[in-house]
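All residue numbers in this chain count up from 1 along the given sequence.
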Amino acid sequence: MEANTRGTGRLPAAFLTPGSSSFLDFLADHQPELIPGRRGLPAGAVVEAPHGTTIVSAVFDGGVVIAGDRRATMGNVIAQRDIEKVFPADEYSAVGIAGTAGLAVEMVRLFQLELEHYEKIEGTVLSLEGKANRLTTMIRGNLGMAMQGLAVVPLFAGYDLDLGRGRIFTYDVTGGRSEERGFAATGSGSVFARGSMKKLYRSDLTAQQAATLVVQALYDAADDDSATGGPDLARKIFPIVSLITEDGFRRLTEAEVSEIAVSITDERLINPNGPQAPLL
């Protein structure tokens with residue numbers, strides 16, 4: 001009969017000899033109630049929770065940029081003006097969150113642990129394709145909550161060390177994954193942001209130009225979507241913009257982003273609709 005370790009200060013043997021490199025699988029075996037998607041709501045319950053909105057990303061020559069606005073909404077009310085929606089997943093990838101903010105942040109933290117756990121167990125970094133697949137599993141596990149109105153729809157971007165270039169992946173609420181070419185957007189303002197990038201994007205962008213592109217796209221999204229927040233010069237709240245290259249993840253400083261945002265805002269005072277693409 002197995003000895004009882006409760007109260008002795010010793011961990012069960014299963015905790016010391018995990019049989020899988022997946023932290024998510026380990027958690028599902030031992031404490032499944034800690035996984036966000038395993039929690040149910042009482043029948044008929046309706047939850048009003050803050051929602052994050054628009055995330056954009058674009059590939060440039062040497063990497064990928066990912067950015068998010070700072071507004072969270074709850075119905076027709078602004079719940080928070082300075083929420084953070086872009087997080088490093090590991091050294092060479094990042095996640096931008098759209099959907100139910102609380103669940104999304106919890107999912108990102110669990111995803112970060114998943115990648116760290118894999119690296120410690122296997123002694124190597126998971127491939128970018130593998131990271132994208134792991135995130136698919138986590139989103140699919142949240143389907144029950146999504147059907148109750150608490151959806152999480154992230155955007156995943158990273159630098160592929162094997163291919164030597166940036167890549168972008170988008171998801172639906174069922175975990176369906178698509179790799180995007182050049183640029184992508186998710187969230188309530190994504191239609192407007194994608195339209196903006198569609199006219200301004202080109203494959204030979206520098207890192208600085210790509211950062212300017214995504215801030216332009218967020219500005220256009222905020223111009224037409226009330227749930228997306230544009231640069232707030234009065235409160236000095238600016239989008240979060242991060243670059244991922246062969247040197248790893250780097251979040252642009254507030255000074256760097258504010259310089260881009262102020263330049264764009266000044267130009268919009270002259271041309272409210274922003275830069276114009278040529279007809280041919």
Side-chain angles (χ1 to χ4, degrees), residues 50-60 63-73 78-88 94-99 101 104 153-157 166 168 170 180 182-202 205-244 249-277:
H51 278 66
T53 48
T54 309
I55 304 295
V56 295
S57 183
V59 173
F60 62 88
V64 63
V65 60
I66 181 171
D69 78 304
R70 306 294 297 277
R71 178 175 292 179
T73 58
I78 297 175
Q80 188 175 343
R81 299 181 187 275
D82 62 350
I83 189 173
E84 298 203 4
K85 305 177 188 177
V86 177
F87 305 89
V95 182
I97 57 171
V153 188
L155 187 151
F156 178 65
I168 305 169
T170 56
E180 305 293 338
F183 57 88
T186 191
S188 65
S190 61
V191 174
F192 309 109
R194 190 180 297 112
S196 175
M197 290 190 289
K198 185 176 182 180
K199 299 304 180 185
L200 299 178
Y201 179 80
R202 60 180 191 269
L205 294 173
T206 65
Q208 179 69 19
Q209 290 171 331
T212 302
L213 170 73
V214 294
V215 177
Q216 288 275 20
L218 289 173
Y219 194 110
D220 283 325
D223 202 29
D224 289 295
D225 174 45
S226 62
T228 302
D232 190 334
L233 302 184
R235 297 181 177 86
K236 299 188 184 304
I237 300 173
F238 304 103
I240 294 174
V241 182
S242 297
L243 302 173
I244 312 167
F249 174 94
R250 183 176 82 87
R251 174 171 167 172
L252 297 191
T253 65
E254 184 173 308
E256 290 175 305
V257 180
S258 66
E259 183 179 354
I260 296 172
V262 169
S263 297
I264 290 173
T265 302
D266 288 345
E267 183 63 28
R268 295 282 177 138
L269 294 176
I270 302 171
N271 299 305
N273 292 328
Q276 305 295 310

> Between Thr265 and Tyr219, does a side-chain contact (heavy atoms from CB on, under 4.5 Å) hold up when you go through it step by step?
Replying inline: CA-CA 9 Å; Thr265 302; Tyr219 194 110; 4.0 Å; yes

Mind listing the closest non-hydrogen atom pair of [X] and [Y] along with its distance?
{"X": "Ser188", "Y": "Ala227", "answer": "OG-CB, 3.5 Å"}
{"X": "Ser196", "Y": "Asp220", "answer": "OG-OD2, 2.6 Å"}
{"X": "Val95", "Y": "Ile66", "answer": "C-CD1, 4.1 Å"}
{"X": "Ala193", "Y": "Ala185", "answer": "CB-CB, 4.1 Å"}
{"X": "Val215", "Y": "Ala261", "answer": "CG1-CA, 4.4 Å"}

> Of Asp82, Leu233, Leu218, which meets side-chain contact (heavy atoms from CB on, under 4.5 Å) against Phe238?
Replying inline: Leu233

> So which of Ile264, Asp266, Asn271 actually passes side-chain contact (heavy atoms from CB on, under 4.5 Å) with Arg268?
Replying inline: Ile264

Minimum side-chain heavy-atom gap [X]-[Y] below 4.5 Å:
{"X": "Tyr201", "Y": "Val59", "value": "yes"}
{"X": "Phe60", "Y": "Gln208", "value": "no"}
{"X": "Asp223", "Y": "Phe192", "value": "no"}
{"X": "Lys85", "Y": "Ile240", "value": "no"}
{"X": "Gln216", "Y": "Ile260", "value": "no"}
{"X": "Pro154", "Y": "Thr186", "value": "no"}

Expected output: side-chain [X] to main-chain [Y] donor-acceptor under 3.5 Å:
{"X": "Ser57", "Y": "Val65", "value": "yes"}
{"X": "Arg71", "Y": "Ser226", "value": "yes"}
{"X": "Arg70", "Y": "Ile83", "value": "yes"}

> How far apart are the C-alpha atoms of Ile78 and Gln80, what are their side-chain angles, what is the distance that settles it, and do they pass the side-chain contact (heavy atoms from CB on, under 4.5 Å) test?
Replying inline: CA-CA 6 Å; Ile78 297 175; Gln80 188 175 343; 6.0 Å; no

> In terms of side-chain geometry, is the basic nitrogen of Arg251 or Glu84 positioned less than 4.0 Å from the acidic oxygen of its partner?
Replying inline: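 Yes, Arg251 and Glu84 are salt-bridged.
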
> Judged by modelled atom types alone, do Thr54 and Asp69 share a side-chain donor-acceptor pair under 3.5 Å?
Replying inline: no

> Are there more than 12 heavy atoms of other residues, nucleotides or ligands under 6.0 Å from atom CD of Glu256?
Replying inline: yes

>> What's the separation between atom CG in Leu200 and atom CD in Gln276, rounded to the nearest 0.5 Å?
In response: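 Leu200 atom CG to Gln276 atom CD measures 9.0 Å (nearest 0.5 Å).
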
